[in-house]
K.L.:
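For reference, the structure I am asking about is given below.
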Amino acid sequence: MAVIQSLQVFRGFAALAVVAHHAVNSTNAFVGEAPPHVASILGRGHLGVDFFFVLSGFIIMYAHMDDYRTVLAVRHYAFKRLIRIFPPYLPLSVGMIGLYAALPGFSASGGRDYSLLSSLLLLPADQPPALSVAWTLVHEMQFYAVFLLFFVSRRLLVAALYPSSNRLITFIG
């Protein structure tokens, strides 16, 4: 797959915007209120996350639109997605779980509640992951699963997303 250079530039801007957003939030939580003019500009950096979600959808489709629908292709896709996320994520998540166990008041709010399920497997749960910013990865993993259903079978996707949709499945298929 060829790298689309213009997307890399926008990806860089979006990453910087997200970092700026977190810097403002951290400054507000640990140091003191950021000046209003700074907070009003840099605080909008959360919009970079929206860009990343849209970009992820485009890139996954771009990378796999010509793949053959075989068991080997499904395994390859799943392996690539999992190896991209978990090796860098798991050590950080386990570290945060350990940190919260050793120092419960470590977070700005003190005594942070988190889900082991979402922290270790990035599955949706009632509580967020221990690494708070990993909420995006929970959504990313859900997207990967939905795309996998789309890749394998449109009918399977519709059945999974709309369990009581027999007429819709008949229409699609």
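All residue numbers in this chain count up from 1 along the given sequence.
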K.L.:
Would you list the pairs meeting ring-ring contact (aromatic ring centres under 6.0 Å, His included) in which at least one residue belongs to residues 122-147, sequence neighbours left out?
P.N.:
Tyr77-Phe147, Trp135-His139, Phe147-Phe150

K.L.:
Is any side-chain heavy atom of Thr136 closer than 4.5 Å to a side-chain heavy atom of Phe52?
P.N.:
no

K.L.:
Please answer: with hydrophobic residues joined when any side-chain heavy atoms are less than 4.5 Å apart, are Val19 and Leu47 in the same cluster?
P.N.:
no

K.L.:
Do Ile85 and Val146 sit in the same hydrophobic cluster, where Ile, Leu, Val, Met, Phe, Trp and Tyr count as joined when their side-chain heavy atoms come under 4.5 Å apart?
P.N.:
yes

K.L.:
According to side chain to side chain donor-acceptor pair (under 3.5 Å), does anything in residues 20-30 pair up with another residue at least two apart or in another chain? List the pairs.
P.N.:
His21-Asn25

K.L.:
If I compare all heavy atoms of Ile83 with all of Pro88, which pair ends up nearest, and what's the gap?
P.N.:
O-CD, 4.4 Å

K.L.:
Determine, using the 4.5 Å side-chain heavy-atom cutoff (strictly less than), whether Phe79 and Val152 are members of one ILVMFWY cluster.
P.N.:
no

K.L.:
If you look only at distance, which donor and acceptor atoms sit under 3.5 Å apart when one is on a side chain in residues 3-17 and the other is two or more places apart or in another chain?
P.N.:
| from | atom 1 | to | atom 2 | distance (Å) |
| --- | --- | --- | --- | --- |
| Gln8 | OE1 | Arg11 | NH1 | 3.0 |

K.L.:
Supply the atom-to-atom distance Leu137 CG to Ser119 OG, rounded to the nearest 0.5 angstrom.
P.N.:
11.5 Å

K.L.:
Taking the side chain as every heavy atom from C-beta outward, state whether Val94 and Leu120 have any pair of such atoms under 4.5 Å apart.
P.N.:
yes

K.L.:
Taking the side chain as every heavy atom from C-beta outward, state whether Leu82 and Met141 have any atom pair closer than 4.5 Å.
P.N.:
yes

K.L.:
How long is the span from the CZ atom in Arg75 to the NZ atom in Lys80, to the nearest 0.5 Å?
P.N.:
15.0 Å

K.L.:
Could you note down all residue pairs passing side chain to side chain donor-acceptor pair (under 3.5 Å) where residues 91-102 supplies at least one of them, sequence neighbours left out?
P.N.:
Tyr89-Ser93, Tyr100-Arg112

K.L.:
Leu92 and Met96: same hydrophobic cluster, using ILVMFWY side-chain contacts below 4.5 Å?
P.N.:
yes

K.L.:
Measuring from Met61:CE to Asp66:CG, what's the distance to the nearest 0.5 Å?
P.N.:
9.0 Å

K.L.:
Within the 4.5 Å heavy-atom criterion, are Tyr114 and Leu116 side-chain neighbours or not?
P.N.:
yes

K.L.:
Once you round to the nearest 0.5 Å, how far does CG of Leu131 lie from CG of Leu90?
P.N.:
11.0 Å

K.L.:
Are Ile59 and Leu148 co-members of a hydrophobic cluster defined by side-chain heavy atoms under 4.5 Å apart?
P.N.:
yes

K.L.:
Strictly by side chain to side chain donor-acceptor pair (under 3.5 Å), give each pair with a member in residues 37-56 just once, sequence neighbours left out.
P.N.:
Ser56-Glu140

K.L.:
What heavy-atom pair brings Ala160 and Leu149 nearest, and what distance separates the two atoms?
P.N.:
CB-CD1, 3.6 Å

K.L.:
Between Val138 and Leu123, which heavy-atom pair has the shortest distance, and what is it?
P.N.:
CG1-C, 4.0 Å

K.L.:
First locate atom CD1 of Ile60, then atom CG of Leu55, and finally report the distance between them rounded to the nearest 0.5 Å.
P.N.:
10.0 Å

K.L.:
My understanding is that a hydrophobic cluster links ILVMFWY residues whose side chain heavy atoms are under 4.5 Å apart, including indirect links. Using that, what else belongs to the cluster containing Val24?
P.N.:
Val38, Ile41, Leu42

